[in-house]
Protein chains: 2
Amino acid sequence: MDGSQLLKGVLDLAVLAVLAERDGYGYDVVRRLREAGLEDVGDASVYGTLRRLYKAGALTSYVVASEEGPHRKYYGLNDVGRSLLQTSAKTWTSFAATMNDLLKEVDPG
Amino acid sequence: MDGSQLLKGVLDLAVLAVLAERDGYGYDVVRRLREAGLEDVGDASVYGTLRRLYKAGALTSYVVASEEGPHRKYYGLNDVGRSLLQTSAKTWTSFAATMNDLLKEVDPG
DNA sequence: GGCACTATTCTGCATTGCGTAGTACTGTGC
DNA sequence: GCACAGTACTACGCAATGCAGAATAGTGCC
């Protein structure tokens with residue numbers, strides 16, 4: 001557990017959170033992330049994140065060969081992913097709280 | 001205004017916030033950041049951030065030649081820095097809100 | 001005076017995550 | 001067949017963070 005993830009690895013957390021809601025394939029995750037407010041997220045970043053997460057053993061993956069387009073590669077959380085999500089969420093929350101503290105003294109009213 | 005800063009540039013904001021409280025030199029900023037809860041922040045990162053911010057015209061800098069050690073290079077916010085802080089703080093806040101929204105559906109209870 | 005230690009700054013270099021751009025494949029509509 | 005949209009993926013680059021180490025300026029000890 002190193003601090004660099006704290007500062008940069010927010011996308012991982014976002015992807016995990018989105019997948020926790022329900023399984024999704026890359027293109028879909030991108031769309032959901034953008035709808036959630038992360039409008040500037042690049043698709044390649046998401047694919048990369050998905051792959052990293054999968055490689056880290058946090059995701060399951062199954063291909064659905066739709067008849068109306070190319071196959072969709074769905075991803076879903078497994079136990080590792082779920083606990084990673086919990087941990088990361090906690091880390092994020094406390095990090096965000098720290099930042100908000102720092103900012104509180106700045107923003108008067 | 002690009003999103004990459006959203007995801008990565010948190011340290012900039014933290015440094016700006018700390019400096020808004022009162023001027024400080026690098027070594028001191030590191031200490032204050034750590035005391036504030038950002039324990040894993042590396043000194044080189046802070047020096048780098050300081051330099052980048054200064055180069056971007058957000059900071060003033062003056063050297064205080066202390067008699068009890070090497071000179072201290074103080075940094076402080078100027079108008080550019082203050083408005084950068086405001087902007088970044090707003091961006092951060094809304095980003096954090098988005099993330100919290102995303103996480104709300106995950107963390108039951 | 002020299003040595004170790006602390007405070008302080010600064011400079012590589014490596015890692016890594018995010019983004020842009022471009023490729024490839026599959027189905028639909030013309 | 002061709003253009004277009006949905007979908008996945010790769011290659012490369014940039015920027016930020018971290019680690020390690022050097023340099024500089026004092027203090028204290030011998």
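Everything numeric in this text was worked out from a predicted model, so none of it was measured. Proteins come first, then strands; the chains are lettered A, B, ... in the order of their sequence lines, and each starts at number 1. What you see below is based on every heavy atom in this structure, not just the backbone, and it leaves out hydrogens, waters and symmetry mates.
Note on S45(B): every side-chain N or O is 4.0 Å or more away from OP1 and OP2 of dA16(D). Look at R52(B) and you won't find any side-chain N or O under 4.0 angstrom from OP1 or OP2 of dA15(D). The side chain of Y47(B) contributes no N or O atom lying less than 4.0 Å from OP1 or OP2 of dC10(C).
Remark: D12(B) engages R52(B) in a salt bridge, criterion side-chain N to carboxylate O under 4.0 Å.
Among the nucleotides dA8(D), dT17(D), dA7(C), the one closest to the side chain of P70(B) is dA7(C). For R51(B), the listed nucleotide lying nearest its side chain is dT11(C); candidates were dT8(C), dT7(D), dT11(C). Taking every side-chain heavy atom of A44(A) into account, dT10(D) is the closest of dT10(D), dT7(D), dT11(C).
Judged by distance alone, with hydrogens and angles left aside, the side-chain atoms of S88(B) form a donor-acceptor pair with the main-chain N or O of L84(B) at under 3.5 Å. N78(A) places a side-chain N or O within donor-acceptor distance of the main-chain N or O of G57(A), the cut-off being under 3.5 Å. A distance-only check finds a donor-acceptor pair linking the side chain of T60(A) to the backbone of G76(A) [under 3.5 Å]. Using modelled atom types, no side-chain atom of R72(A) and backbone atom of V63(A) make a donor-acceptor pair closer than 3.5 Å.
Comparing H71(A) and T49(A) against DNA chain C, the residue whose closest nucleotide sits nearer the 5' end is T49(A). With DNA chain D read from its 5' end, the first of the two nearest nucleotides for D43(B) and V46(B) is the one closest to V46(B).
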Check nucleotides 3-6 of chain C for protein N or O atoms closer than 3.5 Å to its own N or O atoms and list the pairs.
none

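Regarding L11(A), its CG atom lies at a distance of 9 Å from the C1' atom of dG17(C), rounded to whole Å. Going from atom CG of L53(B) over to atom C1' of dC10(C) covers 17 Å, rounded to whole Å. As a whole-Å value, the separation of R72(A) CZ from dG27(C) P is 12 Å. Separating the CG atom of L50(B) from the P atom of dT17(D) is a distance of 12 Å, rounded to the nearest angstrom. Per the geometry, CG belonging to D40(A) stands 17 Å off P belonging to dA15(D), to the nearest Å.
Between S94(B) atom OG and D101(B) atom CG the span is 11.0 Å, to the nearest 0.5 Å. Distance CG/L77(B) to CG/L16(B): 6.0 Å, rounded to 0.5 Å.
Contacts of residues 29-36 of chain B with DNA chain C (heavy atom under 4.0 Å): R31(B). Of the residues in residues 54-61 of chain B, none has a non-hydrogen atom less than 4.0 angstrom from any atom of DNA chain C.
Residues R32(B) and R22(B) come closest through the heavy atom pair NH2-O, 3.0 Å.
Side-chain contact annotation: D23(B) with Y62(B), donor-acceptor N/O pair under 3.5 Å present.
The closest side-chain heavy-atom distance from M99(B) to K104(B) is not below 4.5 Å.
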Exercise. Quick one: do V29(B) and Y75(B) satisfy side chain to side chain contact (heavy atoms under 4.5 Å, CB included)? Show the steps, please.
Key: CA-CA 9 Å; V29(B) 171; Y75(B) 291 93; over 6 Å; no

Quiz item: Are L13(B) and L102(A) close enough, and set up right, to give a side chain to side chain contact (heavy atoms under 4.5 Å, CB included), and what steps lead you there?
Solution: CA-CA 9 Å; L13(B) 177 55; L102(A) 226 40; over 6 Å; no

